[in-house]
Amino acid sequence: MVPQPFRIERVKTETDDTFTLELAPMNHDERFSFLPGQFNMLYVFGVGEVPISISSDPGTLPVLRHTTRMVGAVTKAMGRLKRGDVIGIRGPFGGNWPVDEAPGRDFVIIAGGIGLAPLRPALYRLMAQRENYRKIVLLYGTRTPDDILFRTELERWRGKFDLDIQVTVDRGTSAWRGNVGVVTTLIGRSPFDPRNTIALACGPEVMMRFAVAELQRRGVSSDRIYVSMERNMKCAVGFCGHCQYGPTFICKDGPVFRFDRIEPIFNKAEI
Amino acid sequence: MIETLEPIIREHPFFKGMDDRYIKFIVGCAKNKRYDAGDVIAREGEPADKFYLIREGMIALELMIPNRGFTTLETLSDGEIVGWSWLLPPYQWRFGVRTVRPTRVLAFDGKCVRSKCEEDHDLGYEVLRRFACVTAERLQAARLQLLDLYGASV
Amino acid sequence: MSAARLQAGETAVVEAAHLDHLFQALTKKGYAVVGPTVREGAIVYDRVNSAAELPAGWTDEQNGGTYRLKRRGDNALFGYAVGPHSWKKFLHPPEQKLWQAERGADGFTIFQEKQVHPKYAFLGVRSCELRAIAIQDKVFLQGQFVDSVYQSRREDVFLIAINCGQAGGTCFCVSMKTGPKASAGYDLAMTEILQDGRHHFVVEAGTERGAEILSELPREAAAQADVQAAENVVADTARHMGRTLDTAGIKELLYNNYEHPRWDEVATRCLTCANCTMVCPTCFCTTVEDVTDLSGDHAERWRKWDSCFTMDFSYIHGGSVRSSTKSRYRQWLTHKLATWIDQFGSSGCVGCGRCITWCPVAIDITEEVRAIRGEPGGANNSGRKEHD
């Protein structure tokens with residue numbers, strides 16, 4: 001599978017190191033579709049390829065969006081691209097968040113930093129079927145108030161759909177009137193019913209470790225917690241071997257994992 | 001007034017499992033209080049004689065940093081316990097405590113609880129054990145906060 | 001001379017002196033023959049054009065970190081075990097261009113690399129190597145995705161197996177149940193017999209096209225005595241394995257021992273040189289390199305062999321997940337013997353012994369497993385000094 005050319009229709013600066021690309025296929029026969037939680041391999045000509053989760057609404061295809069943080073050579077090069085430039089896309093790869101399988105449940109969604117981007121498609125999907133679910137809670141932690149992603153959207157969801165959103169920052173500003181503290185502290189006080197809840201978590205691995213511990217303390221069982229894991233990826237099709245995590249390949253068996261599947265190795269160092 | 005506070009205290013996870021007579025004693029030290037947004041509950045350095053259970057609202061722990069102003073270190077909200085400085089010497093608030101939103105609390109007379117704990121070490125154990133848990137959780141959270149997990153190095 | 005056309009499953013005897021007819025028959029059918037040959041003090045796999053290029057009269061002495069060629073007392077053409085090369089060199093090439101991209105006025109165009117390679121005949125494939133090929137078939141052809149490079153090369157390969165007449169110093173195919181007798185997956189299987197002044201091969205046709213090739217060679221019908229002689233050779237080899245590895249419950253053993261002190265001990269010896277992954281016939285990890293020329297308008301993507309022993313292998317924003325030697329050795333061994341089973345339904349190890357022979361510090365996979373089981377006989381059982 002070779003990268004397919006997609007044109008950048010729009011570039012949105014989200015924070016000082018995070019941006020969103022809105023993309024359209026240049027090959028007009030291309031019928032791109034995806035499930036929430038899946039990722040694409042994005043290719044910047046001559047620089048390289050990186051795995052980035054899809055962050056747009058599967059219900060508004062063919063619009064495709066990727067929200068990316070500049071952390072290395074490829075993402076920094078991508079951050080310098082402009083409207084009209086072309087990038088290559090292979091995908092979608094990986095499995096998805098279980099947002100179509102659980103009518104009648106409560107959902108608690110825990111996002112840390114850029115981790116909100118891979119969860120956004122799940123939120124869109126839940127909102128599109130809001131009547132199927134009971135309580136939906138989003139707990140979102142980020143570094144400072146300036147790093148809050150998708151602010152307008154979050155406020156719209158809070159207002160329009162019965163979505164309980166708690167945002168917290170590690171470090172406040174004098175103007176900030178919200179929570180200050182790590183996102184895991186929001187779990188204990190959140191009003192969801194652990195016996196009926198499905199939890200989705202995405203963010204730095206340390207944050208997910210502590211979030212899962214809190215969820216388990218609240219009584220959410222391991223088979224109803226889902227996390228999104230990340231490892232070095234080169235091929236995205238299970239051949240290069242880089243993304244192995246215990247017996248799983250994150251590109252094919254993940255990146256979304258039901259927690260009981262990886263529980264034996266999750267807290268082990270250097271796996 | 002005192003009759004309506006007892007079920008609140010008895011049911012709260014923090015006091016769960018406490019002996020009946022101790023619950024009654026604690027209830028005797030408790031008072032409902034209501035604050036507006038931005039009210040100062042305690043100032044950094046002041047003598048610490050009280051602790052609080054937030055019934056509804058949000059409280060910020062803050063420090064006055066000369067070039068940064070009042071800086072919030074952590075916020076606490078519904079159901080959480082505020083303040084352990086009353087329990088250990090030098091019985092002084094280490095941080096300022098200010099409401100972020102209109103907040104209702106149960107305010108406990110820490111000085112009273114403290115002296116009773118000195119007399120009755122069984123009560124002392126019950127109180128210290130519970131506060132040790134709170135402190136441990138706060139320490140864990142603070143450590144995670146320190147990691148700056150969403151920062152550039154991650 | 002037998003002239004009747006043979007069928008799959010039938011056996012014949014071919015004189016060693018007539019082996020060039022095999023080369024001719026294969027060449028006539030368009031195959032490029034690859035087989036063992038001596039080069040720079042080792043027996044490697046390369047293009048061979050005639051029987052004269054085979055390592056006649058050579059044998060190898062292998063042990064931990066040791067490989068030496070020695071002269072035999074006879075003229076056996078296949079009287080040695082396996083060398084540093086494996087057939088993955090041809091099926092899963094060390095370097096492969098995947099595609100190139102040209103920058104244009106409106107973006108770029110990608111041109112997938114056409115697969116250009118000869119139609120191979122592998123001469124002298126050991127049973128363990130047949131199994132290794134089958135294992136890589138599982139990885140590259142029978143999963144959710146198919147690797148087109150491997151598929152294209154693998155499709156037409158003609159496999160001539162050799163049943164080992166000599167066990168290698170580090171071999172343990174008997175433990176891994178992968179040999180020494182080739183049991184499946186070959187077009188032809190040969191057993192070399194040197195006895196009472198005679199030198200010939202007992203050859204079995206494994207497939208119709210194998211039978212077709214065999215039918216072109218000067219041959220005699222195989223008598224019961226010939227078949228028996230061939231079985232004796234293999235049985236003798238099986239009795240002389242250089243190593244053993246107990247595979248009972250090995251998956252659970254390794255899954256339950258991520259924190260075994262032996263990992264710390266082996267980490268004091270392992271150089272993370274990656275030799276083991278390079279010589280292992282089943283290791284398949286690769287990396288990709290995106291390169292451009294100076295103009296910046298022409299880009300290529302290359303795929304190259306990689307190893308889980310490198311620091312970069314597990315790098316994600318800011319650092320490597322497996323940065324300690326311990327974690328990388330543990331990853332390799334646990335993958336090879338345990339997680340591979342969950343991933344692909346079989347062990348990843350075929351017992352060829354290459355990793356033991358080619359490790360510069362003679363780390364022995366069979367000894368490491370023994371130590372983790374806690375059995376005596378491992379040089380350093382737990383590796384941890386306990387202080388009172």
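Letters go in sequence order (proteins before strands), and every chain restarts at 1.
Between chain C and the residues A/Met1, A/Met233, A/Glu49, A/Glu230, the largest count of heavy-atom pairs under 4.5 Å involves A/Glu49. Here A/Pro3 is the residue among A/Ala269, A/Cys243, A/Pro3, A/Pro5 with the most heavy-atom pairs under 4.5 Å with chain C. Of the listed residues (A/Arg231, A/Gln244, A/Arg7), the one with the most heavy-atom contacts under 4.5 Å to chain C is A/Gln244. Among C/Thr334, C/Val139, C/Thr339, the residue with the largest count of heavy-atom pairs under 4.5 Å with chain A is C/Thr339. With chain A as partner, the option from C/Arg322, C/Arg301, C/Glu259, C/Gln144 having the largest number of non-hydrogen pairs under 4.5 angstrom is C/Arg301.
Under a cut-off of 6.0 angstrom, the local environment of CZ in C/Arg373 is crowded, with over 12 non-hydrogen atoms contributed by other residues, nucleotides or ligands.
Contact annotation for C/Glu102: only backbone heavy atoms (N, CA, C, O) come within less than 4.5 Å of a heavy atom of chain A. With a 4.5 angstrom heavy-atom cutoff, C/Arg303 does not touch chain A via any of its atoms. Contacts of C/Ser323 with chain A are made by both backbone and side-chain atoms, with heavy-atom separations under 4.5 Å. For C/His298, the part sitting under 4.5 Å from any heavy atom of chain A is the backbone (N, CA, C, O) and nothing else. For a residue to count as touching a neighbouring chain, one of its non-hydrogen atoms must lie under 4.5 Å from one of that chain's; by this rule C/Asp312 touches chain A with the backbone only. Using a 4.5 Å cut-off between heavy atoms, C/Phe313 touches chain A through backbone and side chain atoms alike.
Ring geometry for C/Phe140 against A/Phe239 counts as tilted: the plane angle lies between 30° and 60°, on a 0 to 90° scale. The aromatic rings of A/Tyr43 and C/Phe108 stand perpendicular to each other, their planes meeting at an angle above 60°, with 30° marking the opposite boundary.
Heavy-atom proximity under 4.5 angstrom to chain C picks out nothing from residues 72-83 of chain A.
Between C/Lys326 and A/Glu270 there is no salt bridge, since none of the side-chain N atoms of the basic residue sits less than 4.0 Å from a carboxylate O of the acidic one.
No donor-acceptor distance shorter than 3.5 angstrom exists from the side chain of C/His317 to the backbone of A/Met70, with no hydrogens or angles considered.
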